[in-house]
There are 2 protein chains.
Amino acid sequence: MILKNISVDCVIFGFDGEKLNVLLWQAEPEILENFLTTKEEYEEIKFLFEKNPALNKSDDFWGLIGTHLPTEEDLDGYAKKILQITTGLDEVYLTQVHTFGATKRVPHYRVLTIAYYALINPAYHDMKLSPLAKSVKWFEINKLPKLLFDHIDIINEALSTLREQVKYHPVGFHLLPDKFTLTELQTLYEVILGDKLDTRNFRKKILKMRLLVDTMEKQTNVAHRAAKLYTFDMKIYNRLTQEGLNFSI
Amino acid sequence: MILKNISVDCVIFGFDGEKLNVLLWQAEPEILENFLTTKEEYEEIKFLFEKNPALNKSDDFWGLIGTHLPTEEDLDGYAKKILQITTGLDEVYLTQVHTFGATKRVPHYRVLTIAYYALINPAYHDMKLSPLAKSVKWFEINKLPKLLFDHIDIINEALSTLREQVKYHPVGFHLLPDKFTLTELQTLYEVILGDKLDTRNFRKKILKMRLLVDTMEKQTNVAHRAAKLYTFDMKIYNRLTQEGLNFSI
DNA sequence: CCAAAAGTGTTAGACCTACACCCATGA
DNA sequence: TCATGGGTGTAGGTCTAACACTTTTGG
């Protein structure tokens, strides 16, 4: 059984070393069926999609990844499931952001959506291998396509939540590969906060936290001085996640 | 029409000058009817309440103020409406906190609840004048009664959101009367943060923000030196609400 | 004149900001 | 040897934390 008035949408952020991206899809009927446990579940809500002109295949509208919530699924668990199916990732940073519930946010039917945001590192997953490959695509956060419903509001809300979070919690690290350079970390912060940071001060502040561990490795095959690779100290990472930190550089 | 799978619950915080309190109710059928536009709406969901043993009048369980969401009500608007009916207050600080959606959070039926929290100043409203007077009561935040469902989790989540918010946004002021003393403000912060603060440092920090305006009035009828009364500067207040502030005293 | 809470300043250390040059690497 | 980005230190100003006594008021 499907809860017809309730959907879950995920704003999936990814960082490619230069830009902040969001993962969007064009949800065709056969894809939606993958999300639901039984064919009957899909039949139940099919009319919502068929009635909706913005979901015609001919259209160039994109949407957040998500579907209606099945009766027997916990809310948080289902958000996680959506992410697993879409990206193949299991241990992902995923948090509820906000519930959008204006009466007219979706035409023809009352649907509230509970928005989550996720931070993933695209390097860990080759999207081309996913069964959803044809319909899923990364978009730069400031070059978004036309979006369904109020999805632009949802993305903006998730982005401002990310910006708030990143100031006091070490969330940004979820977007990086296991080993990363200080410059990559700085670029990540600059992209999220939308501002340039001073390199020397940034490094001082980060290193003082003792959050980073020098792996003793370096970049290879770069046409300039190779940068040290760091990883982060899980103990200190977890402590800072609990206690918060002040990262208003 | 009522959305049977969706309810809205409000965690209403009040400050009496000494303690932080939460407003709870014992929702009897005749009271619930007041919240719904038509009698038919109540009939639709009556069975949910009748089936629920925790809602027998004989019981000493209390719950958060809230009901199921009607189809034609915007989510935010309805949370505001609940608050209006309960407290008579109109211009109230009200924010969405979190949506609780575990499958078994309510027995017999799947109900997700969207939790809001509100900050009000009880001095502005005599609860005894409300038609809900018999069923509504303030409880100290650390002397809560037995609570329905997962309402204790909801209160805890709202409280930790309040604690986070208060560090970087001037939300605490909503809990104070128009004119207040610096000691009252300090007590409020101490109660919310659950910690003692240094009086001299607190005053320096607050006054440096230029957020407070000296009304040139003083307390009367106190058996000690009368304290100055302050109000706050709405322009600076609004700016700080936008930009955030650092109140980690 | 007593009890009770209001009100006030200084100092030492930590932290933040601004700023410019040399270093290592591959092509 | 050149182009490219990696890596480093200092000084001045601001903010924070710790700390104790005098003032005003009503009873």
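Because the structure is predicted, anything quoted here is derived from the model rather than measured. Below, each value reflects all heavy atoms present in this structure, side chains not excepted, and no hydrogens, waters or symmetry copies. Numbers restart at 1 for each chain; the letters A, B, ... are given by sequence-line order, proteins then strands.
Between the C1' atom of dA18(D) and the CZ atom of Phe202(B) lies a distance of 18 Å, rounded to the nearest Å. Atom pair Asp214(A):CG and dT8(D):C1' shows a separation of 15 Å (rounding to whole Å applied). Between the CD atom of Glu217(A) and the P atom of dG6(D) there is a distance of 17 Å, rounded to whole Å. Leu212(A) has its CG atom 12 Å from the P atom of dG7(D), to the nearest Å. The interatomic distance linking Asp195(A) (CG) with dT17(C) (P) rounds to 12 Å, in whole Å. Put simply, CG on Leu229(A) is 15 Å from C1' on dG5(D), counting in whole angstrom units. dA18(D) atom C1' lies 15 Å from atom NZ of Lys205(B), rounded to whole Å. The separation between Leu197(A) atom CG and dC16(C) atom P is 13 Å, rounded to whole Å.
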Please report the C-alpha distance between Arg210(A) and Asp233(A) in whole Å, then the side-chain angles of each, then the deciding distance to 0.1 Å, and finally whether the salt bridge (Lys or Arg N to Asp or Glu O under 4.0 Å) criterion is met. CA-CA 8 Å; Arg210(A) 311 175 137 277; Asp233(A) 182 319; over 6 Å; no
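Phe13(B) and Tyr117(B) have perpendicular rings, their planes meeting at more than 60° on a 0 to 90° scale where under 30° would count as parallel.
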Acceptor/donor pairs from residues 211-218 of chain B side chains to any protein atom, 3.5 angstrom cut, sequence neighbours excluded:
from      : atom 1 : to        : atom 2 : distance (Å)
Asp214(B) : OD1    : Met216(B) : N      : 2.8
Asp214(B) : OD2    : Lys228(B) : NZ     : 3.4
Thr215(B) : OG1    : Glu217(B) : N      : 3.2
Thr215(B) : OG1    : Leu229(B) : O      : 2.7
Glu217(B) : OE1    : Lys179(B) : NZ     : 3.4
Glu217(B) : OE2    : Lys179(B) : NZ     : 2.7

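In this structure, the ring of Phe149(B) has its center no less than 6.0 angstrom from the ring center of Phe100(B).
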Produce a footprint string for nucleotides 3-12 of chain C: one letter per nucleotide, 5' end first; B if the base is under 4.0 Å from any protein heavy atom, S if only the sugar-phosphate is, - if neither. -BBBSBBB--
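The CG atom of Leu188(B) sits 12.5 Å away from atom OG1 of Thr183(B), with the distance rounded to the nearest 0.5 Å.
Of the residues listed (Thr99(A), Asp9(A), Asp150(A)), the one engaging Thr113(A) in a side chain to side chain donor-acceptor pair (under 3.5 Å) is Asp9(A), and it is the only one.
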